[in-house]
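For reference, the structure discussed in these notes is given below.
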2 protein chains.
Amino acid sequence: MIPDSSIAIVGVGMTRFGYTPERDLRSLAHEAVTAALLDAGLAPRDVDCTYVGYCLDLNGQRCVPGQIALRGLGIDRNPITRIESACASGSLAVHEAFRAVADGRADVALAVGLEKMSGASAEQTRQSMAGGADAQLEAAFGITFPGVFGMAARRHMYRYGTSLDQITAVAVKARRLAALNPRAHFSKAVSADEVLASRMVADPLRLLHCSAISDGCAAVVISRASRARGAASRPVLIRGLAQVSGDFQSLSDLSSFPETTRAALSACEGAGIGINEIDVFEVHDCFAIAEIMHYEDLGLCEPGGGGALVESGSTEPDGRCPVNPSGGMIGKGHPLGASGVAQLVELTEQLRGHSGARQVSGAKVGLAHCIGGFTLGTPASVAVTIVSI
Amino acid sequence: MIPDSSIAIVGVGMTRFGYTPERDLRSLAHEAVTAALLDAGLAPRDVDCTYVGYCLDLNGQRCVPGQIALRGLGIDRNPITRIESACASGSLAVHEAFRAVADGRADVALAVGLEKMSGASAEQTRQSMAGGADAQLEAAFGITFPGVFGMAARRHMYRYGTSLDQITAVAVKARRLAALNPRAHFSKAVSADEVLASRMVADPLRLLHCSAISDGCAAVVISRASRARGAASRPVLIRGLAQVSGDFQSLSDLSSFPETTRAALSACEGAGIGINEIDVFEVHDCFAIAEIMHYEDLGLCEPGGGGALVESGSTEPDGRCPVNPSGGMIGKGHPLGASGVAQLVELTEQLRGHSGARQVSGAKVGLAHCIGGFTLGTPASVAVTIVSI
C-alpha cells in the first residue's frame with residue numbers, strides 16, 4: 001500500500017531515440033509529453049510546472065527550449081524552466097520537478113528531457129560537445145569526451161588488467177538488449193568481432209564502444225501517489241535523490257569517479273535502501289569503459305572487478321545486478337538532455353513489469369545514475385535517483 | 001523585527017559590468033561570489049547548493065558554467081545547477097536558491113548570474129542571441145530582439161501617440177543614473193540629442209536606446225534571516241516570487257506584455273503587498289521602449305501613459321515610483337544571465353540605504369522584473385521577485 005502523500009512518477013512517455021533530421025524539438029516533445037500525460041491519466045491543464053533538461057543547443061535553439069518545444073500543448077502558461085548540467089541535465093530536471101511537488105508548489109510537475117543532435121554540422125557538434133568540459137583549460141587543448149574515456153580505458157587496463165574484450169562485452173550486451181527495446185536507436189545486435197572491427201575513435205575505444213548522436217525526448221509526470229488513480233499503470237515512488245559536483249581536489253586517476261560513490265551513498269541513505277537491495281540499474285554508459293567504472297564506483301564489485309563482472313553475465317537482465325536493460329546509451333542512443341529522463345522511463349516500466357523481453361524479473365527497486373560534463377578530469381555533476389514500487 | 005524563519009538575501013556582491021575581453025568566467029564569478037560571502041559573513045564551505053543563471057554559452061563554454069567558473073572557491077563539491085531562461089536566467093536562479101532554503105535542503109544557497117559576451121565574434125553573438133526566440137519560426141525569418149522591440153516601439157507610438165522623445169527620456173535617465181553607479185558599464189551621462197544622433201539599430205530605436213553587450217557576474221546569498229547575524233549588512237527578506245511563461249494565445253499586439261501583469265499580480269498576492277506599496281523597481285529595460293511598456297503592465301500608470309510617466313520625472317529616484325535607479329540594462333549593462341541577479345543586488349543595497357547618490361530615500365519594499373526569450377511575439381518567461389526590509 002502506497003501512502004497517498006508519497007511522491008511518485010505517475011506517467012512516463014518517450015519517443016524512439018534515433019537519427020531523425022526530419023523532426024524538430026516540438027515534434028519530439030509533443031510525442032513524449034502526450035504519451036506521459038496519457039499514461040498518468042492527466043490533462044495538459046493539470047501540469048503546474050515543467051522542468052526541461054536540454055544540453056547542447058544545436059540547430060539554433062540556444063535558449064528557452066521548453067517554451068519553444070511545448071508551445072501549443074496547453075501547458076505553456078505555467079513556469080517552464082530549463083535545467084542544464086551537460087549529460088545529467090535530464091536527471092536534474094527530474095529532481096527539480098520532484099521538489100516542486102515536495103514543497104507544495106505543484107500538484108503535478110513535469111520533467112522533460114530533450115535533445116536534437118542531428119542536423120547540425122559535425123564541426124558544430126564537436127565544438128558544442130567539447131564545451132561540456134572546461135573550454136579554457138580542457139577543450140582548448142584538444143580534450144574531447146571520447147578522448148577522456150579513451151584515457152580512462154587505458155588507465156583502467158593498466159591499473160587493473162582490464163581487457164579490451166571485457167570492455168567490448170559491455171557494448172555487445174548494450175546492443176543485444178537494445179535490439180529488444182522498440183524505442184532504442186539501434187535495433188541490431190552486434191558481435192564482439194564487429195565491435196572490434198569498427199573504426200577507431202579514441203584508442204582503445206572504437207565506434208561501437210561509444211554512445212551515438214541521437215535525437216529524442218523523454219517525459220515523466222510527477223505527483224503525489226494519490227493523484228495517480230487515473231493512471232494507466234502503477235505509480236513508481238521516488239525514494240532518494242542526490243546530486244554532487246566534481247571534486248577535482250580528490251582526483252587520483254581516471255580509472256574511477258569518486259563522485260559516483262558519493263552520490264550513490266547519499267541517495268541510498270536518503271532512501272533508506274542499501275545498494276544490494278537494488279534490483280535494476282540504469283547507468284551512464286556514454287562509452288563502454290564507463291559502465292565498468294560505474295560498476296565499481298557503485299559497489300557492485302570491488303575496484304578492478306568490473307571487467308570480470310560484465311563477462312560473468314551478472315549485469316544481464318537475469319544476472320545478480322542487472323545494468324542497463326534498456327540497452328543504455330550505447331544501444332538505446334544518447335540524446336544528451338533526454339538521457340537522464342529516459343533512464344527513469346525505463347526503470348518505471350521495469351518496476352511495473354512492462355519491459356517485455358528485456359524485463360528484469362520481479363524488479364522492485366531501481367537506481368538511475370548520470371554524469372554530466374567535466375572539469376579538470378572529474379565529472380562536473382553526478383545525479384542519482386532511486387525509485388521503487 | 002524579522003522572524004528568524006524568514007528567508008532573506010543575507011549577502012550580495014557583483015563585478016562592475018562592462019566590456020572586458022581580458023577576463024574569464026572564473027575571474028568574474030570569483031569576484032562576485034567572494035564579495036557576496038564576505039557581505040554575508042559566511043565562508044565558502046557554508047554554501048549548501050548553488051544555482052547559476054547563464055544564458056548564451058558564448059566563448060565555447062557550452063555546458064556546466066557553474067562548475068567551471070566556481071572551481072577553486074571551495075564550494076564545488078555540493079550541487080551546482082545551471083538555470084536558463086534567456087534574459088530571465090538569473091532571476092530564476094534566485095528563485096531556485098530561495099526554494100532550496102525554503103524546503104530545508106539548504107541552510108545557505110547561492111544564486112549566481114554570469115555571462116561573458118565580449119570576445120565572441122559579432123556573427124556568433126547575433127546568432128546566439130537570435131536563439132532566444134523560436135529558431136524555426138522567428139529567428140529563421142530574421143527576427144532579432146532589436147527588431148522585436150523596434151516593432152513594439154512603432155506599435156506603441158501608433159496606438160498611444162507615444163513620442164520618440166519620451167522613449168529617449170528612458171535612455172537619458174538610464175545613463176544619468178548609471179553615471180552614479182560605480183559598477184555600471186557606462187559612466188557618462190548622455191543628452192537626448194546624443195541618443196537621437198547615435199546610429200540606427202531597429203527603427204525607431206538607435207544604439208543608445210539599447211542595452212549593451214556586457215560581461216559580468218552578480219551573486220546573492222540566501223538563508224534564513226537567523227543565519228544573517230554575521231552579515232555586514234541587514235538581511236533583505238524575499239517576500240514574493242512569480243514565474244510565468246509566454247501565453248501566445250493571449251497575444252494581442254506588441255504594445256504590452258500581459259505576462260508582466262500576470263507575474264506581478266501573482267508575486268504581489270504571494271507577498272501580501274500591493275503594487276502601490278512598492279518603493280523601488282528594477283525592470284527589464286533591454287530597450288528603452290520596454291521600460292515604458294513595463295510601467296503600464298505593472299500598473300504604475302494607465303495603458304498608454306508610460307511615455308508621460310517618464311517625462312514627468314515620476315520614475316526618477318526621487319519620484320513617485322522610482323524605476324531602475326541602478327541605471328538599468330541600458331546604463332548598467334546587460335550581461336544576460338547576470339542581469340536578474342544584479343537587479344536583486346541593487347534592490348538589496350537600496351533597501352539597506354547604501355546606494356549613495358542614486359538612493360531612493362526611505363525605500364522599504366522593492367520589485368525586480370525580468371523577461372526572458374521570445375516565443376511567437378510573447379516573452380518566453382517573466383520573473384518577478386518582491387523584497388522588503
Against chain A, label Asn78(B) side chain, backbone, both or neither, depending on which of its atoms sit under 4.5 Å from a heavy atom there.
backbone
Do any N or O atoms from the side chain of Thr375(A) and from the backbone of Ile68(B) form a donor-acceptor pair under 3.5 angstrom?
no
Taking only residues at least two apart or on different chains, which pairs with a member in residues 126-138 of chain A satisfy side chain to side chain donor-acceptor pair (under 3.5 Å)?
Glu123(A)-Arg126(A), Glu123(A)-Gln127(A), Ser128(A)-Arg62(B), Asp134(A)-Arg26(B), Asp134(A)-Arg71(B), Gln136(A)-Asp24(B)
Arg82(A) side, atom CZ; Ser381(B) side, atom OG - distance, nearest 0.5 Å:
12.0 Å
Top residue by heavy-atom pair count (under 4.5 Å) with chain B, among Glu96(A), Glu259(A), Arg105(A), Met129(A)?
Arg105(A)
Within the side chain of Ser245(B), is there an N or O that forms a donor-acceptor pair under 3.5 Å with the backbone of Ile80(A)?
yes
Region of Phe374(A) that comes under 4.5 Å of a non-hydrogen atom in chain B
backbone
What part of Ala133(B) is in contact with chain A, defined as an atom under 4.5 angstrom from a non-hydrogen atom: side chain, backbone, both or neither?
backbone
Shortest non-hydrogen separation from Ala380(A) to Val64(B) and the atoms involved:
CB-CG1, 3.7 Å
For Ala139(A), which atoms come within 4.5 Å of any heavy atom of chain B: side chain, backbone, both, or neither?
neither
Tell me, with the steps shown, if Gln67(B) and Ser85(A) meet side-chain contact (heavy atoms from CB on, under 4.5 Å).
CA-CA 9 Å; Gln67(B) 283 86 345; Ser85(A) 205; 3.8 Å; yes
Leu92(A) portion near chain B, given a 4.5 angstrom heavy-atom threshold:
side chain
So which part of Ala102(A) gets closer than 4.5 Å to some heavy atom of chain B, the side chain, the backbone, both or neither?
neither
Looking at every heavy atom in both Glu84(B) and Cys63(A), which two are closest together, and how far apart are they?
OE2-CB, 3.0 Å
Side chain from CB out, backbone as N, CA, C, O: work out which of these in Leu70(A) comes under 4.5 Å of a heavy atom of chain B, or both, or neither.
neither
Approximate separation, where rounding is to 0.5 Å, of Ile83(B) CD1 and Ile83(A) CD1:
3.5 Å
Less than 4.5 Å to any heavy atom of chain A: does that hold for the side chain of Leu137(B), its backbone, both, or neither?
side chain
Output yes when a side-chain donor or acceptor of Gln61(A) lies under 3.5 Å from a complementary backbone atom of Ala135(B), and no otherwise.
yes
